[in-house]
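Every heavy atom of this structure was used, including side-chain atoms; hydrogens, water molecules and symmetry mates were not.
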Amino acid sequence: MKEFEFKGTTINGFAIVAIQFLMLAGIVFTALSNACEAIIGTSIAVLVLLFSFLCAGYLRLEPNEARVMIFFGKYKGTFTRTGFFWANPFYTKTKLSLRARNLDVEPIKVNDKAGNPIMVGLVLVWKLKDSYKAMFEIDAQTMAGSTAGRQDVSSVMKAFEDFVKIQSDAALRNVAANYNYDNNENTKDDEEITLRSGSEEINEILEQKLNERLEMAGIEVIEARINYLAYAPEIAAVMLRRQQAAAVISAREKIVEGAVSMVKMALDKLENEEIVNLDQERKAAMISNLLVVLCADESAQPIVNAGTLY
């Protein structure tokens with residue numbers, strides 16, 4: 001069963017207020033009349049009972065709020081019209097908020113696909129989509145800690161928030177365990193999606209998983225996004241050194257590649273312009289010296305060869 005609109009009778013609340021003022025005037029007039037005391041007492045009692053009955057039927061709704069209407073245990077629909085109304089007091093009118101809400105899930109420790117412990121956190125935006133499922137498919141009344149029909153809207157929504165938080169935790173663990181934190185030597189494909197490099201794809205998958213889990217509760221996830229990602233403290237230092245080493249190796253590769261290109265350019269220019277003819281031994285010495293100069297971390301100290309005495 002799904003949510004449907006409430007079709008029962010509702011009356012403008014201000015019209016009932018006007019009727020109650022007339023009833024008050026009738027009570028005063030009856031009390032001051034010279035009629036029989038029995039008639040006066042009966043009339044006042046009836047008017048007071050009717051006045052109290054009308055007082056119990058008021059309901060007020062702001063934009064993006066709803067009332068789940070239950071008549072002696074039977075769902076009669078969801079009332080969503082904004083304004084001030086009166087409905088049968090025998091309806092149980094549970095108030096729900098349809099507004100979007102934020103949830104910041106604290107970082108949790110998870111093992112990624114490679115088995116590395118990581119810390120991952122989540123922030124999401126959610127709202128109620130189906131009031132029937134929200135009220136009757138999960139035990140929100142018990143979670144809110146009060147009897148059906150008497151929950152404060154904040155306590156009911158807090159119960160839904162707790163439900164979303166638990167399911168978000170489970171979905172986050174499931175998604176994080178299927179991907180590597182980052183590309184490393186254990187990753188077979190450099191194009192493989194990782195938690196760090198494939199943020200958009202991971203967020204889409206996470207949102208889909210959350211909607212699958214929360215659909216039964218009539219809750220829709222508007223946006224889900226990983227907002228915290230780091231290695232767990234026990235391996236963070238080791239992984240930092242590994243990343244630093246990988247960065248140094250990558251930088252060295254670029255330096256060597258550029259140095260070899262420059263050495264080749266220098267030898268070709270010397271040969272093409274016939275500046276000097278070098279045999280293989282001198283070429284090897286020149287290549288060695290140029291590579292040392294170009295690849296060294298510190299500036300080379302030049303030594304000028306002034307020639308020999310012979």
Side-chain angles (χ1 to χ4, degrees), residues 1-3 63-64 66 78 80 96-138 140 143 156-233 235-236 239-240 242-243 246-247 250:
M1 190 173 182
K2 295 184 178 180
E3 173 189 315
N64 284 323
T78 300
T80 57
L96 298 176
S97 174
L98 305 180
R99 296 164 182 166
R101 290 173 172 250
N102 281 324
L103 178 63
D104 188 3
V105 179
E106 293 294 328
I108 58 175
K109 184 183 292 187
V110 187
N111 288 335
D112 69 358
K113 186 177 180 180
N116 298 318
I118 62 174
M119 300 295 295
V120 57
L122 167 71
V123 62
L124 59 88
V125 182
W126 65 277
K127 67 176 183 179
L128 291 183
K129 181 177 65 173
D130 189 317
S131 60
Y132 176 85
K133 290 183 177 180
M135 285 300 299
F136 304 112
E137 294 294 338
I138 63 173
M143 289 191 297
V156 175
M157 297 309 297
K158 180 63 169 61
F160 291 136
E161 184 174 310
D162 292 339
F163 183 84
V164 173
K165 186 175 181 180
I166 294 172
Q167 294 301 319
S168 300
D169 186 285
L172 185 58
R173 290 180 183 276
N174 179 265
V175 171
N178 290 326
Y179 296 92
N180 287 309
Y181 175 89
D182 200 358
N183 288 319
N184 52 49
E185 62 275 7
N186 296 323
T187 305
K188 297 180 180 179
D189 185 3
D190 290 338
E191 299 300 325
E192 180 181 348
I193 296 176
T194 65
L195 296 173
R196 197 174 73 146
S197 63
S199 58
E200 292 300 324
E201 294 87 348
I202 297 297
N203 290 334
E204 290 178 4
I205 294 171
L206 183 59
E207 183 177 330
Q208 179 183 353
K209 292 289 185 182
L210 283 168
N211 278 318
E212 290 175 358
R213 288 174 174 269
L214 298 174
E215 183 181 6
M216 63 170 291
I219 296 172
E220 177 186 15
V221 174
I222 301 173
E223 181 184 13
R225 188 170 298 276
I226 292 177
N227 67 335
Y228 183 89
L229 182 64
Y231 282 110
I235 68 166
M239 288 300 178
L240 178 60
R242 184 186 69 82
Q243 290 174 350
S250 178

Quick one, [X] and [Y] - any side-chain contact, counting heavy atoms below 4.5 Å?
| X | Y | answer |
| --- | --- | --- |
| N203 | E207 | no |
| K113 | Y181 | no |
| V123 | Y228 | no |
| D130 | K2 | yes |
| D112 | Y179 | no |
| W126 | L210 | no |
| L206 | I226 | yes |
| V221 | V125 | no |

So which atom in [X] and which in [Y] form the shortest heavy-atom distance, rounded to 0.1 Å?
| X | Y | answer |
| --- | --- | --- |
| A232 | K109 | CB-CE, 4.2 Å |
| A176 | V110 | CB-CG1, 3.9 Å |
| A217 | F163 | CB-CE2, 3.6 Å |
| T194 | I202 | O-CG1, 3.9 Å |
| L124 | S168 | CD2-OG, 3.1 Å |
| A100 | I222 | CB-CD1, 4.1 Å |

Going from [atom1] on [X] to [atom2] on [Y], what distance comes out if it is rounded to the nearest 0.5 angstrom?
| X | Y | atom1 | atom2 | value |
| --- | --- | --- | --- | --- |
| I219 | I138 | CD1 | CD1 | 5.5 Å |
| L103 | E161 | CG | CD | 5.5 Å |
| L195 | N180 | CG | CG | 8.0 Å |
| M135 | T78 | CE | OG1 | 9.5 Å |

Given L214 and V164, is the side-chain contact (heavy atoms from CB on, under 4.5 Å) satisfied, shown in steps?
CA-CA 7 Å; L214 298 174; V164 173; 4.2 Å; yes
Under the salt bridge (Lys or Arg N to Asp or Glu O under 4.0 Å) test, which residues partner D104, sequence neighbours left out?
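By the salt bridge (Lys or Arg N to Asp or Glu O under 4.0 Å) rule, D104 matches no residue at all.
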Evaluate the side-chain contact (heavy atoms from CB on, under 4.5 Å) criterion for residues L172 and N174: first the C-alpha distance (whole Å), next the side-chain angles of each, then the deciding distance (0.1 Å), finally the verdict.
CA-CA 5 Å; L172 185 58; N174 179 265; over 6 Å; no
Are there over 12 heavy-atom neighbours, none belonging to K209, within less than 6.0 Å of that residue's NZ?
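No, because the 6.0 Å sphere around NZ of K209 holds 12 heavy atoms or fewer from other groups.
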Full working for side-chain contact (heavy atoms from CB on, under 4.5 Å) between N111 and N116
CA-CA 5 Å; N111 288 335; N116 298 318; over 6 Å; no
Under the side-chain contact (heavy atoms from CB on, under 4.5 Å) criterion, do L229 and M119 qualify, and how do the steps go?
CA-CA 6 Å; L229 182 64; M119 300 295 295; over 6 Å; no
Mind checking side-chain hydrogen bond (donor to acceptor under 3.5 Å, both in side chains) for R173 and listing every partner two or more places apart, or none if nothing turns up?
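Result, side-chain hydrogen bond (donor to acceptor under 3.5 Å, both in side chains) vs R173: D169.
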Enumerate the residue pairs fulfilling salt bridge (Lys or Arg N to Asp or Glu O under 4.0 Å) with a member in residues 210-223, sequence neighbours excluded, ordered by first and then second residue.
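Salt bridge (Lys or Arg N to Asp or Glu O under 4.0 Å) check on residues 210-223 returns E223-R225.
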Is a side-chain N or O of D182 found less than 3.5 angstrom from the main chain of R196, in a donor-acceptor match?
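No: the side chain of D182 does not pair with the backbone of R196.
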Decide whether E3 and S131 meet the rule of one side-chain donor and one side-chain acceptor closer than 3.5 Å.
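Side-chain D/A pair, E3 to S131: present.
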